[in-house]
Amino acid sequence: MVLELYLDLLSQPCRAIYIFAKKNNIPFQMHTVELRKGEHLSDAFARVNPMKRVPAMMDGGFTLCESVAILLYLAHKYKVPDHWYPQDLQARARVDEYLAWQHTGLRRSCLRALWHKVMFPVFLGEQIPPETLAATLAELDVNLQVLEDKFLQDKDFLVGPHISLADLVAITELMHPVGGGCPVFEGHPRLAAWYQRVEAAVGKDLFREAHEVILKVKDCPPADLIIKQKLMPRVLAMIQ
Amino acid sequence: MPNYKLLYFNMRGRAEIIRYIFAYLDIKYEDHRIEQADWPKIKPTLPFGKIPVLEVEGLTIHQSLAIARYLTKNTDLAGKTALEQCQADAVVDTLDDFMSLFPWAEKDQDLKERMFNELLTHQAPRLLKDLDTYLGDKEWFIGNYVTWADFYWDICSTTLLVLKPGLLDIYPKLVSLRNKVQAIPAISAWILKRPQTKL
């Protein structure tokens, strides 16, 4: 009975799960679900995740989706080192606090930044008005400031002296605008230093492997018309 | 109409403002592009040993902006009044001040890279913010008609975007101005026709 992970490393939550599983030597079988080919919308994949989104997990007969739920499941099942998701109530609450904010704050900004900068113009061939791009990047910068001032402060990592799930989820999110060519760390020196620490904690090789796809996203060929028609409704809903 | 021959390297660089003006005013000229290998032979024959130069009526005129002013004199491209001409010149000189800070010919590659990075990361945002403020809600830099100042912005910003993609992302009005220049039929035709070079 093997753990099966359904991922596309183009997706930031998929990257977090991939890094977490690899870093903690959790054995798994990888199933790549190509988002840019619309494979997540297939009926075959719906049997794994009726919501038709990656990441998704199958453990024996048990299926689970939503990246945070999967990360917590893996952390508990495989009894990973405590610093990832501490037993201590208040330390754990700090991770939870970050994960809660991330989904309503940083996620939206980072996703829109990548889509407005690259995925719409390059992949889908749709022009974004300059005013829209400017507004998206302004919002991203506000959220970067919150991340730096409210969550990181002067600590080495987001919730204290050690890496946790919060850092992993945050860094994989930030690599979205980085891949889109946004100067994420300019004007945010503490974030830049934190990035170096997270990369070192994860391991440079694993970090680069996980982010290879997103760092080359600008080079991806345009979607053909059929795929574009399949993807467009979901995409428009996602980035409103 | 005199015969014009423009001499420069095979790149946009300092000659492109002249080429835009020729295109917009629909003036025929020879766009003579010098090979790098031939440059040492040609350099000593030119006033001040620099290009671009414009050969016209037996004279060899140097300085790209002087040539541009000569070609636009008595046309609306220069500005419609003496004061508006001065404003157009001021915008051009502002842009040129910045572009001239780059050590294009620096042979120490590490030093060059550091200086370029400093200019693009710290100096450029200040210039862009000031340009954005200056443009305000006007359609063109000088008000309600295009001048060579708008051309020069398109040319300089094209180079800056090669050096640092995304530099204009938070300046939508400056992006829109670029788009408006590039949508002018004569300029659009030139952009499609011109040799594709990095700088």
Side-chain angles (χ1 to χ4, degrees), chain A residues 108-123 125-146 148 174-193 195-196 214-220 222 239, chain B residues 98 113-141 146 150 153-184 187-188 191-192 196 198:
Chain A
R108 170 187 148 93
S109 282
C110 290
L111 197 63
R112 286 163 59 91
L114 177 69
W115 277 81
H116 287 170
K117 272 284 280 177
V118 172
M119 301 305 284
F120 265 101
V122 175
F123 181 60
E126 299 281 330
Q127 286 312 306
I128 295 289
E131 291 78 12
T132 300
L133 178 60
T136 294
L137 296 179
E139 184 183 321
L140 172 62
D141 200 66
V142 168
N143 281 320
L144 292 174
Q145 207 62 52
V146 171
E148 191 176 45
L174 289 191
M175 294 306 286
H176 246 34
V178 169
C182 303
V184 166
F185 299 109
E186 282 177 22
H188 298 287
R190 282 175 289 139
L191 279 189
Y195 165 91
Q196 299 293 333
I214 193 63
L215 289 175
K216 292 178 178 168
V217 73
K218 276 185 276 191
D219 303 327
C220 78
I239 69 156
Chain B
F98 183 71
E113 187 176 333
R114 284 202 308 277
M115 289 183 71
F116 269 65
N117 189 58
E118 160 61 27
L119 287 163
L120 292 162
T121 302
H122 297 117
Q123 310 292 329
R126 283 201 278 271
L127 171 71
L128 295 172
K129 187 169 186 296
D130 289 341
L131 284 172
D132 186 65
T133 300
Y134 185 87
L135 180 59
D137 292 325
K138 301 194 301 282
E139 195 178 350
W140 308 95
F141 272 128
V146 69
D150 304 303
W153 162 244
D154 177 60
I155 289 160
C156 293
S157 57
T158 295
T159 296
L160 291 174
L161 286 170
V162 167
L163 299 172
K164 192 179 172 68
L167 195 61
L168 300 186
D169 283 350
I170 60 176
Y171 302 103
K173 286 184 292 190
L174 293 176
V175 174
S176 293
L177 181 54
R178 270 172 58 75
N179 293 341
K180 273 208 289 285
V181 170
Q182 292 177 17
I184 295 168
I187 300 300
S188 172
I191 289 172
L192 285 172
Q196 295 301 304
K198 184 189 174 196

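Here is the naming used below: chain letters follow the sequence lines, and residue numbers restart at 1 for every chain. Side chains are part of it too, since the values below use all heavy atoms of this structure and drop only hydrogens, waters and symmetry mates.
- Residue-environment remark: CD (B:Glu113) stays at or below the threshold of 12 foreign heavy atoms within 6.0 Å.
- Smallest separation of non-hydrogen atoms from B:Val175 and A:Pro130: CG1-CG, 3.8 Å.
- No more than 12 heavy atoms of other residues, nucleotides or ligands sit less than 6.0 Å from atom NZ of B:Lys129.
- Between A:Glu131 and B:Ser176, the shortest heavy-atom contact is OE2-OG, 3.9 Å.
- With a 4.5 Å cut-off on non-hydrogen atoms, A:Glu186 touches chain B through its side chain but not through its backbone.
- No other option in B:Ile170, B:Asp169, B:Leu174 has as many heavy-atom pairs under 4.5 Å with chain A as B:Asp169.
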